[in-house]
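Order of listing sets the numbers, starting from 1, for every ligand and every atom in it.
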Amino acid sequence: MSPASQTARLSRSTRPAQGPSADFLVIGSGVAGLRAAIELSRHGRVIMLTKGHPLESSSIYAQGGVAVALSEEDDVAIHLTDTVKAGHGLCREEAVRVLVEEGPARIQELITWGARFDKVGGKFAFAREAAHSRSRILRARGDATGNEMVRVLMAEARRRKMIQHLGRHFTVDLVVADGRCRGALVLNEVTGARFILPAQAVILTTGGAGQVYARTTNPPNATGDGMAMAYRAGAVLEDMEFVQFHPTALYLPSSPPFLLSEAIRGEGGELRNIKGELFMHRYHPAGTLAPRDIVARAIWSEMAATRSRHVYLDVTHLDAAFIKRRFPTIYSTCLRYDIDMTEEWIPVSPSAHYMMGGVKTDMMGATSLPGLFAAGEVACSGVHGANRLASNSLLEGLVFGARAARAATADAARGAHASALLPSSRDLDAGPSAEVEDADKLRSSLRRVMWGKVGLVRTRDSLVGATGQLSRWERALNRPFTTRLALEVKNMVQVGRCMAEAALWRENSVGAHYRADFPDHRRPGWKVHSGMQQDDLPADPVHETKRPRVVSLRTGKAKPA
Ligand code: FAD
Ligand code: SIN
């Protein structure tokens, strides 16, 4: 059985009904999905799907801002250099060039659509963040940049009659026929109805996978669905070992790891260990503004050395009125947890934050599967390399969301989809559906395994342990499910295993990937990307799950996982 015909499987009791139809399907409504949908609406009817609440996404929580070379002291060449440097030699320079060169136009366009970025003295206020050599971060309402960008994009999307936005619609799988992605299998979360949504082209903009870790800044819906469904459909995943851990998330037993923006350090915030000592100068000349991976690992080392679960972020030396004005959301959230950040140090520790890896795309968002495009955090175009430069991802969503849409319309115009032969529900039917026994417990166990064994510091032993456990769970979950929770747990296990396999494969330390057993950066042949594609599925998919092949994408030479 080929991966294509395996991709969407339904139970007899829940055969898909006929749903709405459109020319283009966008899965996700964060910055990337919204920007793609707006572009597509010039060329045909668009359906944009969101699981859960129609506004929920990582985009809406983005705090620090959006990096763009628009200030007088900056230019795109400097933005390019900073991005490539942060990526530790693994960025695709062509992709970075696209990002920094097209970024200013995408931001100007957002401003013409009504975005209000903060100004000082009538001029845009550009902030500094770690590893940026210039002040180039635009922000809105202090620390509510993502919220402002989503507000404007959503309003623009609503003005366009060709876009139909379906909230509370969970995409279960991609529908593949004759080697081409031709739509998606969708679950209406309210009615429980499942239907196939055919389209000439599909754009995945489903965001990241932070929820596979016990500690993450990501919202609950960041479960890696797009990566898992693309993988099941036969598309190539790339650089899955590169997970960015944000250094400063609130550490309180009673609170989720709420993000404390890097911009706080950009404004002079300091890091102290639990003895109250400043420590960053011992790890990097740039101190608290060193690249994110270095700050996160420095905190990890201090926590280990002081046998503590956190360090402190200290802004008590800064003007209190300025803090309240500059970081209103962060200030009020900390107060909710009885911390007045203007008077007390804030307990913080690292948390999973961003996936550099994802569905491999070219410069136009095309994946290895015809008819499927990807943009934003779900995609890996190569802009971030081994470590993303802070505040580059909102820009990436805008730039590559628009590009993927242009490529999808060109593809559709060529008539590549013309001989569409959708699988019938009978083709997709592969036995009775089931539910995951105690899905919440499995989800929690998975998150702990990933945090403990595939986290900030990895070793061969920890990764072998993780891949063994994840493979066993994956085999047990190799069945069709009908609830969102079960489907998400299955996706999280699959994505977690891909991350663990890739991390085991890469035997050096680079950027966000740190192997304590291979601490060297420049081992021979290190400058390659990992690629991962599902082998042909075994004849008995319930009892046998093949390991994905991890290959070096530069040499193409297979290496056993
Ligand atoms: P998202 O915004 O995550 O959107 C994903 C969408 O896909 C959602 O609508 C979701 O519902 C939908 N979806 C997912 N799975 C399914 C499914 N199965 N079916 C249907 N719909 C689905 N980056 C910056 O550049 N600057 C910042 O200041 C910044 N701050 C951040 C702060 C926080 C707390 C977090 C978590 C991230 C931050 N980032 C920041 C990173 C950045 O916000 C994200 O990388 C970016 O917004 C991702 O955008 P996206 O459109 O790719 O995905
Ligand atoms: C932050 O505000 O620290 C997050 C910025 C980012 O992840 O790009």
Does [X] approach ligand 1 within less than 4.0 angstrom via side chain, backbone, both or neither, non-hydrogen atoms only?
X      : answer
Gln244 : neither
Glu377 : both
Leu34  : neither

Return yes or no for this condition: an N or O of [X] is under 3.5 Å from an N or O of ligand 1.
X      : value
Glu56  : yes
Thr50  : no
Tyr61  : no
Val66  : no
Thr217 : no
Ala32  : yes
Gly376 : no

Which residue supplies the protein heavy atom nearest to [atom], what is that atom called, and how far is it?
atom                    : value
atom 53 (O) of ligand 1 : Gly207 CA, 3.3 Å
atom 14 (C) of ligand 1 : Thr206 O, 3.4 Å
atom 49 (O) of ligand 1 : Ser59 OG, 3.2 Å
atom 10 (C) of ligand 1 : Asn221 ND2, 3.7 Å
atom 3 (O) of ligand 1  : Ser58 N, 3.2 Å
atom 31 (C) of ligand 1 : Ala62 CA, 3.4 Å
atom 41 (C) of ligand 1 : Ser393 OG, 3.3 Å
atom 27 (C) of ligand 1 : Gly65 O, 3.5 Å

Does the Lys NZ or Arg CZ of Lys119 fall within the cation-pi geometry relative to Phe124 - under 6.0 Å from the ring centre and within 45° of the axis?
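Because its charged atom sits under 6.0 Å from the ring centre and within 45° of the axis, Lys119 does stack over Phe124.
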Taking only non-hydrogen atoms of Gln244, do any sit less than 4.0 angstrom from ligand 2?
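Distance cut 4.0 Å: Gln244 fails for ligand 2.
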For [X] and [Y], test the side chains for any donor-to-acceptor distance below 3.5 angstrom and give the result as yes or no.
X      : Y      : result
Arg92  : Ser381 : no
Arg136 : His132 : yes
Arg292 : Gln244 : yes
Ser391 : Glu129 : yes
His384 : Tyr354 : yes

task: Kindly indicate whether the side chain of Phe373, heavy atoms from C-beta on, has any atom under 4.5 Å from the side chain of Leu204.
output: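 A side-chain contact under 4.5 Å is absent here.
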Determine whether Val68 and Val100 make a side-chain contact, defined as any pair of heavy atoms from C-beta on separated by less than 4.5 Å.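 They are not in side-chain contact.
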Would [X] count as a polar contact of ligand 2, with the cut-off being nitrogen or oxygen pairs under 3.5 Å?
X      : value
Ser391 : yes
Ser261 : yes
Arg388 : yes
Ala263 : no

Find all atoms of ligand 1 within a distance of less than 4.0 Å from any non-hydrogen atom belonging to [X], and give their numbers and elements.
X      : result
Leu394 : 23 (N), 24 (C), 25 (O), 26 (N), 47 (O)
Tyr354 : 45 (O)
His169 : 19 (N), 20 (C)
Leu49  : 21 (N)

Any Lys/Arg nitrogen of [X] or [Y] sitting under 4.0 Å from an Asp/Glu carboxylate oxygen of the other?
X      : Y      : value
Arg141 : Asp118 : no
Glu39  : Arg403 : no
Asp143 : Arg139 : no
Glu189 : Arg168 : no

Closest non-hydrogen atom pair, Leu166 against Pro20
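That would be CD1-CG, 4.1 Å.
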Please find the pair of heavy atoms, one from Arg106 and one from Arg406, that lie closest to each other, and give the distance.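 Nearest heavy atoms, Arg106 then Arg406: NH1-NH1, 4.5 Å.
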When you measure from [atom] to each heavy atom in [options], which option holds the nearest one?
atom                    : options                        : result
atom 4 (C) of ligand 2  : Gln63, Glu129, Arg292          : Arg292
atom 32 (C) of ligand 1 : Thr171, Val186, Leu395, Leu259 : Leu259
atom 33 (C) of ligand 1 : His353, Met355, Met229         : His353

Tell me whether ligand 1 is touched by [X] - counting only heavy atoms on the residue side and a distance under 4.0 Å.
X      : answer
Ser391 : yes
Ser29  : yes
Arg388 : yes

Quick check on contacts: which atoms of ligand 2 are under 4.0 angstrom from a heavy atom of [X]?
X      : result
His353 : 4 (C), 6 (C), 7 (O)
Glu262 : 1 (C), 2 (O), 3 (O)
Gly64  : 2 (O)
Ala390 : 8 (O)

For Thr50, which of Glu56, His169, His165 qualifies under side chain to side chain donor-acceptor pair (under 3.5 Å)?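 It is His165; the other options fail the test.
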Working to the nearest 0.5 Å, report the span between CD of Glu270 and CG of Leu318.
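If we round to the nearest 0.5 Å, Glu270:CD and Leu318:CG are 8.5 Å apart.
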Practice task
Give the ring-plane orientation class for Phe322 versus Phe327, where under 30° counts as parallel, over 60° as perpendicular and anything between as tilted.
Solution key: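 Perpendicular: the ring planes of Phe322 and Phe327 meet at over 60°.
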What's the verdict on side-chain hydrogen bond (donor to acceptor under 3.5 Å, both in side chains) for His53 and Asn221, showing C-alpha distance, side-chain angles and the deciding distance? CA-CA 10 Å; His53 189 283; Asn221 68 359; over 6 Å; no
Query raised in the report: Asp82 and Ser133: side-chain hydrogen bond (donor to acceptor under 3.5 Å, both in side chains), yes or no, with the steps?
Result: CA-CA 7 Å; Asp82 289 349; Ser133 65; 2.9 Å; yes
query = Does atom CZ of Arg116 have more than 12 heavy-atom neighbours, drawn from other residues, nucleotides or ligands, at distances under 6.0 Å?
reply =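 Atom CZ in Arg116 is not packed in, count stays at 12 or less.
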